[in-house]
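Worksheet for the structure shown next.
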Amino acid sequence: MTTAPARNIRTRFAPSPTGFLHIGGARTALFSWAFARRHGGTFVLRIEDTDQERSTRESEAAVLDGLQWLELDWDEGPFRQSERGDLYRAAVEKLLATGRAYRCICTKEELEERKQRTIEAGQKWTYDGKCRNANHGPSAGTSTVRLRLDEATPLTWNDLVFGPSGQATEEVGDRIIQRSDGSPLYHLAVVVDDIEMRITHVIRGVDHQVNTAFQLALYHALGATPPEFAHVPLIVGTDGKKLSKRRDPVSVQHYRDAGYLPAATRNWLLRLGWSHGDQEIFSRHEIVQLFDLESISRSPAQADLGKLPWLSQQYLKALPMPELFQALQPFYRRSLGRELPRTHDLEKILDLLRDRSHTLAEMVEMSLFVVHDNISFEPKAAQKYFTREIEAPFAALRDRYAALESWDIASLEREFEVVLAENAGEGKAAKLGKGKLAQPIRVAITGTDKSPGIFETLELLGQERSLHRMAEALHFIRHGS
RNA sequence: GCUCCCAUCGUCUAGCGGUCUAGGACGUGGCCCUCUCAAGGCCGAAACACGGGUUCGAUUCCCGUUGGGAGCGCCA
C-alpha cells in the first residue's frame with residue numbers, strides 16, 4: 001500500500017466552453033481526475049467563460065456530457081467564472097492598493113502602433129511601461145489594469161513533468177489583468193480561482209507552459225503560495241502536426257457516435273502519453289490505483305487511431321451482457337428507429353459477434369439478419385455462391401432440414417454431413433467440400449458470406465426462418481433472382 | 001523573428017551508464033486452427049535523428065546541428 005499524502009490533493013479541470021470536448025482536453029481531464037482519485041483528493045470542475053463572445057451554454061453542456069460519458073466524475077462544481085466577478089474585482093483592488101498593479105490608459109491602437117514600431121526595429125515586444133510609474137487614479141478615464149512585475153521575484157518552478165522550468169522577468173512583461181470594461185482576463189481569473197479553490201496541483205496542456213511564469217508573478221503579488229504545476233504534452237494529428245478539426249476526429253462525441261465504449265476510449269486516451277511498464281489495458285479502478293505524474297511522456301503523442309479498435313474489441317469481449325445490451329440500444333434506435341427487447345436469441349448472436357466487432361455500431365449492423373424478418377442477398381455473394389452446381393445438394397439439405405424434428409447444432413451438423421457424404425465420389429470430379437456447401441447456406445440465411453459458425457447461426461435463427469430463407473435462396477439459384 | 005519545450009520500430013511506448021545481439025502493444029507479413037469472417041496460437045520484418053564531447057563504457061549525461069511542437073492578445 002502507498003502512504004497517505006501529506007496534504008489533501010486538489011486538482012481541477014478548467015475548460016472554456018467554446019466547442020465540444022476535445023480529446024486533448026479530455027485527456028487532461030482524465031489525468032487530473034486520476035491524480036486526484038489516486039491520492040484520495042478532490043477533483044474540481046470549473047468553466048472558464050470569461051470570454052463572453054465565444055462561450056455558450058450549449059458548449060458547456062457538451063463538455064459536461066463528454067466528461068460524464070468518460071465516467072470522469074467531479075467532486076465540486078461546475079463553477080463558472082462568469083459568476084465570480086466580485087472575487088476578481090476584489091483581487092484587482094487589492095493589487096492596486098498594494099502597488100503590485102497599476103492602471104494603464106494606453107489604448108489598443110496606441111499599443112498596436114508602438115508594438116509594430118518595436119518589431120520593425122528588430123526588437124522584441126513586451127509592454128514598454130509607459131503607464132508603469134504614471135500613477136493614474138480611478139479618475140484617469142478608461143483604463144486597463146496591469147500587473148507590475150519586479151525583478152526580485154524569480155519566475156521559476158519545478159514542473160512535475162518537465163522538471164526545472166522558468167522564464168526571465170523581462171521576457172514576460174507587465175500584462176493586462178483587467179479589461180477596460182472591468183472584466184477579468186484569463187490570467188487573473190485562473191490564479192484567483194486556483195487560490196480560492198485551494199488547488200494544489202495544476203495539470204494542464206503544454207500550451208500553458210509559457211503562461212506559468214506570469215501566473216507565478218500573480219501568485220506572489222497576491223501573497224499566495226503557488227501550486228505544483230504539471231504540463232501535459234499535446235496530442236497531435238497523424239501527420240505529427242497539431243490536431244485539426246478538418247482532418248482529425250477531435251471531439252469525444254465523435255468516438256461515442258462511432259460506437260466505441262467509454263472505457264475503451266478512456267483507456268486509449270490514458271495510454272496516449274502515459275504508461276505503466278508494458279501494461280496496455282487499464283480498468284477505471286486500475287487507473288485510480290496506478291496513475292502518476294512521473295510517467296507522463298514529455299513528447300507529444302500522435303492520436304494512434306490503429307489501437308483504438310483493438311482496445312475497443314477487448315472491452316466489447318469482456319462486457320457483461322446486461323451492460324452490452326444497454327450500450328447497444330442507442331445504435332439500434334439509430335439503425336431501426338426503435339430499441340430492442342432483450343431476447344435469448346439476440347443475446348446469443350451478440351455473444352457470437354463480440355469476437356467479430358470493434359464497435360457497437362458494427363455489432364448492431366452484423367446482428368440485423370437476426371432482427372429482420374426478411375433479408376436481401378448481397379449481390380456479389382449471391383452471384384458467387386448461388387450456382388447451378390450447388391442446386392441439388394442445397395435442395396437435399398433443405399429437405400432434410402425441413403424434416404428435422406430437433407433443431408439443434410448436433411442434428412444440423414449430422415444432416416449436413418449426410419448430404420456431403422451423398423455427394424462424395426461417383427461421377428463427381430471432386431467430392432463436395434464442407435465450405436462448398438456451407439457458404440451458400442450462409443449467404444441464404446444471413447445475406448452475406450461472413451458470419452459466426454454456420455450451425456450455431458442456423459440454430460439460433462430457428463427452423464422456420466432458416467427454411468424460409470433457404471427456399472428463397474433456392475428460388476434465386478433456379479431463376480436468378 | 002524572439003521565448004520556452006521535445007526527439008527509441010509506421011504508431012503508442014519500456015528503458016532512468018554496463019542487464020540492449022534495445023523489451024511490450026497496435027498495425028503489418030507468414031504459418032497453424034478452420035464451413036466464411038473473426039477470435040486464438042506460433043514465427044518474422046521493423047527504431048535509439050545526426051555530429052561532437054564526458055566516461056573504462058553511452059539509447060541513457062553535456063553541447064551543437066537538424067527536425068518538430070507551443071507561445072508571443074483588452075482569447076482561454
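Quick note: numbers below take in every heavy atom, side chains included, and nothing from hydrogens, waters or symmetry partners. Residue numbers start from 1 in every chain, and the chains themselves are labelled A, B, ... in the order their sequence lines are given, proteins ahead of strands.
Between A:Tyr255 and A:Tyr260, the ring planes lie tilted relative to each other; the angle falls in the 30° to 60° range. Ring pair A:Tyr401/A:Trp407 is perpendicular by interplanar angle, where above 60° counts as perpendicular and below 30° as parallel.
The phosphate of B:C72 (OP1 or OP2) has no side-chain N or O of A:Thr126 nearer than 4.0 angstrom. Between A:Lys450 and the phosphate of B:C37, there is no side-chain N or O to OP1/OP2 separation shorter than 4.0 Å. Neither OP1 nor OP2 of B:A76 sits under 4.0 Å from any side-chain N or O of A:Arg175. In this model, the phosphate group of B:U36 is not approached by any side-chain N or O of A:Ser451 to a distance below 4.0 Å at OP1 or OP2. At the phosphate of B:C72, neither OP1 nor OP2 sits under 4.0 Å from any side-chain N or O atom of A:Lys115.
One atom, CZ of A:Arg356, and another, P of B:A38, lie 10 Å apart when rounded to the nearest Å. Atom CD of A:Glu362 and atom P of B:A39 are 11 Å apart (whole Å). Atom CD1 in A:Ile390 sits about 15 Å away from atom P in B:C35, given to the nearest Å. At whole-Å resolution of the value, CZ in A:Arg54 and C1' in B:G73 are 11 Å apart. Atom CD1 of A:Ile47 is separated from atom C1' of B:C75 by 17 Å (rounded to the nearest Å).
In this structure, the side-chain hydrogen bond (donor to acceptor under 3.5 Å, both in side chains) partners of A:Arg400, at least two apart in sequence or on a different chain, are A:Glu415, A:Glu422. With sequence neighbours left out, the salt bridge (Lys or Arg N to Asp or Glu O under 4.0 Å) criterion links A:Arg175 to no other residue. Applying the salt bridge (Lys or Arg N to Asp or Glu O under 4.0 Å) criterion to A:Glu93, with sequence neighbours excluded, gives no partner residue. Evaluation of the side-chain hydrogen bond (donor to acceptor under 3.5 Å, both in side chains) rule for A:Glu112 yields no partner, not counting sequence neighbours. Residues forming a salt bridge (Lys or Arg N to Asp or Glu O under 4.0 Å) with A:Asp193 (at least two apart in sequence, or on another chain): A:Arg46, A:Arg84. Considering only residues two or more places apart in sequence or on other chains, A:Asp159 meets the side-chain hydrogen bond (donor to acceptor under 3.5 Å, both in side chains) condition with A:Trp157, A:His231. Scanning for side-chain hydrogen bond (donor to acceptor under 3.5 Å, both in side chains) contacts around A:Arg80 gives A:Glu60, A:Glu83, with sequence neighbours left out.
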TODO: Indicate for each nucleotide in nucleotides 40-51 of chain B, in 5' to 3' sequence, whether protein heavy atoms under 4.0 Å reach the base (B), only the sugar-phosphate (S), or nothing (-).
DONE: S-----------
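To the nearest whole angstrom, the two P atoms, one in B:C48 and one in B:C42, are 28 Å apart. For the C1' atoms, the distance linking B:A14 with B:U19 amounts to 14 Å, nearest Å. To the nearest whole angstrom, the two C1' atoms, one in B:G52 and one in B:A58, are 14 Å apart. With both ends at atom C1', the span from B:U59 to B:C16 equals 11 Å, rounded to whole Å.
Within 4.0 Å (heavy atoms only), A:Ile454 reaches at least one base atom of the nucleic acid. Counting any heavy atom pair closer than 4.0 Å across all strands shown, A:Glu48 reaches sugar-phosphate atoms only and no base atom. Counting any heavy atom pair closer than 4.0 Å across all strands shown, A:His231 reaches no nucleic acid atom. Residue A:Asn211 is classed as a base contact, given a heavy-atom separation below 4.0 Å to a base. Within the nucleic acid shown, A:Gly453 comes within 4.0 Å of at least one base atom, counting heavy atoms only. Counting any heavy atom pair closer than 4.0 Å across all strands shown, A:Asp207 reaches sugar-phosphate atoms only and no base atom. Heavy atoms of A:Pro233 sit nowhere under 4.0 angstrom from any nucleic acid atom.
Across every strand in view, B:C16 sits unpaired, with no contact that passes the Watson-Crick or G-U test at under 3.5 angstrom. Look at B:A70: its Watson-Crick or wobble partner, with both distances under 3.5 angstrom, is B:U3.
In this model, a side-chain donor or acceptor of A:Ser180 finds a partner on the base of B:C74 within 3.5 Å. The base of B:C12 sits with one of its N or O atoms less than 3.5 Å from a complementary donor or acceptor on the side chain of A:Lys307. The base of B:G24 lies outside donor-acceptor range of the side chain of A:Gln279, with no N or O pair under 3.5 Å.
A donor-acceptor pair under 3.5 Å is formed between the side chain of A:Arg179 and the backbone N or O of A:Pro184. Listed for the A:Ser283 side chain is no donor-acceptor partner under 3.5 Å among the backbone atoms of A:Ile281.
Listed by first then second residue, pairs satisfying ring-ring contact (aromatic ring centres under 6.0 Å, His included) with a partner in residues 159-184 of chain A number zero, not counting sequence neighbours. Counting only residues at least two apart or in different chains, salt bridge (Lys or Arg N to Asp or Glu O under 4.0 Å) contacts with residues 290-307 of chain A comprise A:Glu280-A:Lys307.
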Might you list the N or O atoms of the protein lying below 3.5 Å from N or O atoms in nucleotides 1-10 of chain B, with each pair's distance?
residue	atom	partner	partner atom	Å
B:U3	O2'	A:Gln167	NE2	2.8

Could I get a table of every N or O pair under 3.5 Å where one atom is in the protein and the other is in nucleotides 17-22 of chain B?
none

